[in-house]
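A short worksheet on the structure shown next.
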Amino acid sequence: MLSAVFMAGGGCGAGTVGKAVRPTEPTAGEALGAVEVSCREGASDAQPLVVDMTSSERVDLEVAMKEGVAIVAYDCKSMRLLPACKLAGTYKFAGVSRKEEVVKLNDQGEIAANLPFNGVKIAGGVDRGAALDLALVLIGKQSTTISSAGKPELTGRCDGATHFVRSASVGAFAVDVGTRGEARLVADVFGYGANAKSASQRQSLNKDGELGECRAATPDDLKPPAQCRSAVRLELVPISADAPPVVDDSKPPPPPEPTPLAETCPAGMSMAGGKCTADTAVPFVCAPKDEAQCEAQCQNGSAGSCHNLGSIIEARQLERGADGSFVQTAQARNDKLNKLYTTACDGGVAEGCDRLGYIRMALQAPRAEQLDAWQRACQLGHGPACRTLAEEVLRSTSPDLARGRGLLDRGCKLGDPFSCASLAGSFLKPRSGAAPTPDEVAQGVVVLKDACDVKRPFACRQLANLYSDGKLVARDEAAGLSYYEKSCETGDTLSCLNAGLMVFAGRGATKDAARAEALFERTCPSTDAGLSCADLAKAFREGKVVPRDVRRAASYMERMCTAKGIGCTEVADMYLAGKDVPKDRDRALKMYDDMCTKGGGQSCMKLADEITRTDKARAKELYGKECGGGLIEACDKFKKLGGDPATVKRP
């Protein structure tokens, strides 16, 4: 029988269990005994099922995902939603290719590992020889574009927070008591199949959603059916101790590196057949770096292992033999990768379909075959593949603008922020070169506002530019300033500079020198100073927007040099000439010397020029080094000091 607590829908706490042990030689079909669960070291990604949530817990999750990004405390054995902990963000729905499966949980260890809300309690109520049958129907995903988060970004009561919900696979599910070794169909577990139990036998059935409505859904649906929108499986991403670095997603990234599927199960368990299990008699997803295990499990029928094996091989450089020739040619390697990723893709691994597109491109396969791979990845819910496919569609000889935008919109809804940026660009900067229509501008602004709400720097900055210059939308400097400040809060220092200059000049807000000063400090902080310092220094050097202050300009340049090693030559020049700063030849020479040691050719020449009279030997050495690098001027000066350019070492 099934736990009475679970059937009643009441809350219950998860217990504490010990170390997992993987059986060494299980017999195929043999019923496994209870397997205890222990977590892998360190925080990691996870993909737990949530079909064991009580009604009240499910309502709390739905509310949390409507109000922002859901935060949980998760340790592989239990999960607890933290509704009072907040992270700004939104979720959007995108349909995916429907997937139906019956997952059979055969023992207490599998139940505890796969049902983190109430699994430990449920496991105690399952009779010996029985199993839990989970009928799962997945038709879409609710995803956020937030890919990483840090504890400084959280607000509210967040004690114990470990992960945020990156996405939720939605659809319907049914849970019933079954028998180990008994194969059942989805419809049977839902109670609709020819082999379904009678009404009196379905006392233990727990389900959410209607199978018929789910089967009528398509990947193109804009929203899930009313009776097919329950969260079934979550994608959890660890929350870091510090705020994540700012990523400029205004420009599409280069083609992705091959990445294996992450280990999302407790220690001693692997993903197999949609569940975490310690049973090695069934094909399971291999450890990401274990090539031998991946090879064996791929041959055993694990599509995920075929993908992982492909990732290992693709990331490895081609080997050379003793004679210098390649042991394996790129062609032979790509042929093998093509087979591995095809198997992974056919097995429903979206990431495998995505890699297959790039391998087919390398093999110069017909364009239709390349696009088919990305289309399949996109339909399976891989946002970056939708963007790749959209770019191919939009830059073809006969671009299909409507389809391209539709794919970008889908990628955006699947959580790919670069798709959102490209979608906004397609509206505001049409590839035809023509000015965008008012409707296109309005749609582009909506996309940018959604992205800015989840703190995407490019979106807030672009909105600020739009409202500040007033070319495509009505000029509104107050709105422009607000968006610059939002972008500044995400760490975009150029937006901090623009906001500071506006506040200092009284544009979009009352003139406020103190507020402007705070924004300037964020533009060029004492530590981690970047290129925006140069723009701020230029503003104070020129004195057009802010009062001219050459000493302050110099200090910003020196901050940038100290923090990033950028602009150091210009700072040294300033000290050497006494321009904007007190003249300090020794300080300038030390800076030239430091940069020369790090490989700066220009700094070596300047240092040599300055010490020719005081340290002829060192100057000659420096000129000789730069002469060896091919600098004709250095060779001439080396020769004047008695050197022979023909004798210098060249790279």
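What's counted below: heavy atoms across the whole structure, side chains too, no hydrogens, waters or symmetry copies. Computed from a predicted structure; not experimentally measured.
The minimum heavy-atom distance between Arg157 and Cys85, with the atom names listed, is O-CB, 3.4 Å. In terms of heavy-atom proximity, Pro645 sits nearest to Val648 at O-CG2, 3.0 Å. Nearest heavy-atom pair across Ala94 and Lys413 is CB-CB, 4.0 Å. In terms of heavy-atom proximity, Ser167 sits nearest to Ser143 at CB-OG, 3.5 Å. In terms of heavy-atom proximity, Ala479 sits nearest to Tyr467 at CB-CG, 4.0 Å. Of all heavy-atom pairs spanning Ala161 and Leu154, the tightest one is CB-CD1, 4.1 Å.
Ionic pairing of Glu558 and Arg587 is present here: one or more N-O contacts between side-chain nitrogen and carboxylate oxygen are shorter than 4.0 angstrom. A salt bridge is defined here as a Lys NZ or Arg NE, NH1 or NH2 lying under 4.0 Å from an Asp or Glu carboxylate O, and Arg456 with Asp450 fails to meet this definition. Salt bridge Arg559/Glu521: present, at least one basic N to carboxylate O contact under 4.0 Å. A salt bridge links Glu485 and Arg515; the closest N-O separation between the charged side-chain nitrogens and carboxylate oxygens is under 4.0 Å. Between Glu633 and Lys637 there is a salt bridge, since at least one side-chain N of the basic residue sits less than 4.0 Å from a carboxylate O of the acidic one. Using a cut-off of 4.0 Å between Lys/Arg side-chain N and Asp/Glu carboxylate O, Glu489 and Lys455 are scored as not salt-bridged. Comment: Asp580 engages Arg541 in a salt bridge, judged by a side-chain N to carboxylate O separation of less than 4.0 angstrom. Salt-bridge annotation for Lys640 and Asp636: absent, with no side-chain N of the basic residue lying under 4.0 Å from a carboxylate O of the acidic one. Ion pairing between Glu67 and Lys86 holds under the 4.0 Å rule for side-chain N and carboxylate O. With respect to Asp594 and Lys590, a salt bridge is recorded, a charged nitrogen being found less than 4.0 Å from a carboxylate O. Ion pair Arg387/Asp354 not flagged as a salt bridge, since none of the NZ, NE, NH1 or NH2 atoms sits closer than 4.0 Å to an Asp/Glu carboxylate oxygen. The pair Arg405-Glu440 meets the salt-bridge criterion, with a side-chain N (NZ, NE, NH1 or NH2) lying under 4.0 Å from an Asp/Glu carboxylate O. Electrostatic pairing of Asp528 and Lys564 counts as a salt bridge here, judged by a charged N lying under 4.0 Å from a carboxylate O.
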Do Met361 and Glu392 pass the side chain to side chain contact (heavy atoms under 4.5 Å, CB included) test, and can you show the C-alpha distance, the side-chain angles, and the key distance before you say yes or no?
-> CA-CA 12 Å; Met361 178 184 289; Glu392 291 293 320; 4.3 Å; yes
Criterion side chain to side chain donor-acceptor pair (under 3.5 Å) on Thr493 and Ser532, from CA distance to verdict = CA-CA 6 Å; Thr493 55; Ser532 295; 2.6 Å; yes
Could you please spell out the steps behind the side chain to side chain contact (heavy atoms under 4.5 Å, CB included) verdict for Met560 and Leu531?
-> CA-CA 7 Å; Met560 185 171 65; Leu531 287 171; 4.3 Å; yes
Would you check, one step at a time, whether the test side chain to side chain contact (heavy atoms under 4.5 Å, CB included) holds for Val72 with Phe164?
-> CA-CA 6 Å; Val72 301; Phe164 70 92; over 6 Å; no
Kindly indicate, with the supporting measurements, whether the criterion side chain to side chain contact (heavy atoms under 4.5 Å, CB included) is fulfilled by Arg166 and Ser147.
-> CA-CA 7 Å; Arg166 176 84 165 84; Ser147 56; 4.1 Å; yes
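Judged purely by atom type and a 3.5 angstrom limit, His163 uses its side chain to pair as donor or acceptor with the backbone of Ser44. A distance-only check finds a donor-acceptor pair linking the side chain of Arg355 to the backbone of Pro256 [under 3.5 Å]. With hydrogens and angles ignored, the 3.5 Å screen pairs a side-chain donor or acceptor of Thr144 with a backbone N or O of Thr90. For Tyr91 (side chain) and Ala70 (main-chain N/O), a donor-acceptor pair under 3.5 Å exists by modelled atom type. Put simply, the side chain of Asp476 gets close to the backbone of Ala478: a donor and an acceptor are under 3.5 Å apart. Side chain of Thr264 to main chain of Ala46: no donor-acceptor pair is present (N/O by atom type, distance under 3.5 Å, no hydrogens or angles). A donor-acceptor pair under 3.5 Å links the side-chain atoms of Arg585 to the main chain of Glu610, judged by distance alone. A donor-acceptor distance shorter than 3.5 angstrom exists from the side chain of Ser396 to the backbone of Val393, with no hydrogens or angles considered. Formation of a donor-acceptor pair under 3.5 Å by the Thr162 side chain with backbone atoms of Tyr74 is found in this model. Side-chain atoms of Ser240 come within 3.5 Å of backbone atoms of Ala149 as a donor-acceptor pair (strictly under, hydrogens ignored).
With a 4.5 Å cut-off on side-chain heavy atoms, Phe93 and Pro224 count as touching. Under the 4.5 Å side-chain criterion, counting only non-hydrogen atoms from C-beta, Lys606 is not in contact with Cys596. Using a 4.5 Å heavy-atom threshold, the side chains of Leu261 and Pro288 count as separate. In this structure, Arg618 and Glu621 have side chains that are in contact, with non-hydrogen atoms separated by less than 4.5 Å. Contact annotation: the side chain of Leu82 never approaches that of Asp159 to less than 4.5 Å [non-hydrogen atoms, C-beta and beyond]. Using a 4.5 Å heavy-atom threshold, the side chains of Cys604 and Lys625 count as touching. At least one side-chain heavy atom of Arg410 sits under 4.5 Å from a side-chain heavy atom of Gln379. In this structure, Leu407 and Cys378 have side chains that are in contact, with non-hydrogen atoms separated by less than 4.5 Å.
To the nearest 0.5 Å, atom SG of residue Cys568 and atom CE of residue Met595 are 5.5 Å apart. The CG atom of Leu87 lies 4.5 Å from the CD1 atom of Ile71; values are rounded to the nearest 0.5 Å. Rounded to the nearest 0.5 angstrom, Met502 CE and Asp512 CG are separated by 14.0 Å. Expressed to the nearest 0.5 Å, how far CD of Gln47 lies from CG of Leu236 amounts to 8.5 Å. From Leu519, atom CG reaches atom CG of Asn498 across 10.5 Å, with rounding to the nearest 0.5 Å. Distance check: Asp492 CG to Cys460 SG gives 9.0 Å after rounding to the nearest 0.5 Å.
Residue Arg367 places its CZ atom among more than 12 non-hydrogen atoms of other residues, nucleotides or ligands, all under 6.0 Å distant.
For the residue pair Tyr592 / Asp573, a side-chain donor-acceptor distance below 3.5 Å is found, with atom types taken as modelled. Side-chain contact, Ser487 with Ser495: a donor N or O sits under 3.5 Å from an acceptor N or O. Side chains of Asn465 and Tyr484: a donor on one and an acceptor on the other come within 3.5 Å. Between the side chains of Asp609 and Tyr623, at least one donor-acceptor pair of N or O atoms lies under 3.5 Å.
In this structure, the ring of Tyr556 has its center no less than 6.0 angstrom from the ring center of Phe520.
Relative to the six-membered ring of Phe504, Lys511 meets both conditions, a distance below 6.0 Å and an angle of at most 45° to the axis.
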